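Quick notes on the structure that follows.
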Amino acid sequence: MKSLASPPCLRLTPTTSHHLPSRQSSSASYPRDVYSVIKSNSLSFSSSPSGFASRLSVEKELRLQTAAVRHVTGSLIRGEGLRFAIVVARFNEVVTKLLLEGAIETFNKYSVREEDIEVIWVPGSFEIGVVAQNLGKSGKFHAVLCIGAVIRGDTTHYDAVANSAASGVLSAGINSGVPCIFGVLTCEDMDQALNRSGGKAGNKGAETALTALEMASLFEHHLK
């Protein structure tokens, strides 16, 4: 029987004696280190059209053009002329009233006029989404705040309401094209809720108002 010949092996011969950069190179010089690896690679890259990319094109790809990047953000100091709707759940009113007060006080601090704020009460957090979507589509408001409080009980009702409230607010913003800000507390007990509505954990209603201001400014001044 004829013996099977071993397939020919491809041998790569180093073209230079340079070594890879040390692992201790600083992260700030990463592009230069990568370029030095390409420059001292053990393989010879062809610059012909049918070969690999030329060293010049690789160098251009590694160059970061950070100076051309445009950063856009909403402003917290341009609240004049912006209109806001606040949808508030009446359920757990002892908490939601405090959240509403925090939101309105924040708007006053940032020069939002009281006549540019409209408060709409709904029975509970489950009903917030559909009302927020309707307000967003009306074209009268630059952002809609959604305020409520869901507190865990002895049944799984908490999970159903909390999940539905979150998805409802998200859908309202997507479907209306107007920022709908989630300000629904989901807490284990009443103490947690009160701590987050003006207690030691701050007021989430005020935080919701700040988010609404920034998003309304972003849409009005940059994303139209």
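These values consider heavy atoms only, across backbone and side chains, with no hydrogens, waters or symmetry-generated copies. Numbering starts at 1 and runs along the sequence shown. Computed from a predicted structure; not experimentally measured.
- Under the 4.5 Å side-chain heavy-atom criterion for Ile, Leu, Val, Met, Phe, Trp and Tyr, I181 and V122 are members of distinct hydrophobic clusters.
- Shown here for C180 and V169, the closest heavy-atom pair between the two residues is O-CG1, 3.5 Å.
- Side-chain atoms of S217 do not come within 3.5 Å of backbone N or O of L213 as any donor-acceptor pair.
- S125 approaches V150 most closely through the heavy-atom pair OG-CG2, 3.7 Å.
- Using a 4.5 Å cut-off on side-chain heavy atoms (C-beta onward), H221 and S75 make no contact.
- The two residues G153 and Y158 come nearest to each other via the heavy atoms N-CB, 4.3 Å.
- If you take CG on L194 and CG on L185, they are separated by 9.5 Å, rounding to the nearest 0.5 Å.
- Criterion: ILVMFWY side-chain heavy atoms under 4.5 Å apart, direct or through other members. Under it, I174 and V130 are not part of a common hydrophobic cluster.
- From F107, atom CZ reaches atom CG of D116 across 10.5 Å, with rounding to the nearest 0.5 Å.
- The side chain to side chain contact (heavy atoms under 4.5 Å, CB included) test with L99 is passed by exactly one of I86, I104, N92, I147: I147.
- The SG atom of C146 sits 10.0 Å away from the CD1 atom of I120 when rounded to the nearest 0.5 Å.
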**Report entry** side chain to side chain contact (heavy atoms under 4.5 Å, CB included) between M190 and V94, worked out
**Finding:** CA-CA 10 Å; M190 181 60 74; V94 65; 4.2 Å; yes
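- For the pair V161 and F91, the minimum side-chain heavy-atom distance is 4.5 Å or more.
- In this structure, the side chain of S164 does not engage the main chain of F126 through any donor-acceptor pair within 3.5 Å.
- Other residues, nucleotides and ligands place more than 12 heavy atoms under 6.0 Å from the NE2 atom of H222.
- Each of V72 and L76 belongs to its own hydrophobic cluster when Ile, Leu, Val, Met, Phe, Trp and Tyr are linked at side-chain heavy-atom distances under 4.5 angstrom.
- Considering only heavy atoms from C-beta on, L82 stays 4.5 Å or farther from F219 through its side chain.
- Electrostatic pairing of K204 and E207 counts as a salt bridge here, judged by a charged N lying under 4.0 Å from a carboxylate O.
- The local environment of CD in E114 is sparse, with at most 12 non-hydrogen atoms from other residues, nucleotides or ligands closer than 6.0 Å.
- The shortest non-hydrogen separation linking Y110 to L210 is CE1-CD2, 3.5 Å.
- Interatomic distance, CD of E93 versus CG of L98, reported as 10.5 Å (0.5 Å rounding).
- Closest approach of V69 to H71, counting heavy atoms only: CG1-NE2, 3.6 Å.
- At distances below 3.5 Å, not a single donor-acceptor pair connects side-chain atoms of R152 with backbone N or O atoms of T186.
- In this structure, the separation between NZ on K200 and CG on D191 is 8.5 Å, given to the nearest 0.5 Å.
- Taking OG from S111 and CD from E80, the interatomic distance works out to 4.5 Å, rounded to the nearest 0.5 Å.
- Under a hydrophobic clustering in which Ile, Leu, Val, Met, Phe, Trp and Tyr are joined whenever their side-chain heavy atoms come within less than 4.5 Å, directly or via other members, V95 and V119 fall into the same cluster.
- Residues I151 and A193 approach most closely at CD1-CB, 4.1 Å, considering heavy atoms.
- Hydrophobic clustering, with ILVMFWY side chains joined whenever heavy atoms are under 4.5 angstrom apart, groups L100 together with F84.
- A distance-only check finds no donor-acceptor pair linking the side chain of E214 to the backbone of T211 [under 3.5 Å].
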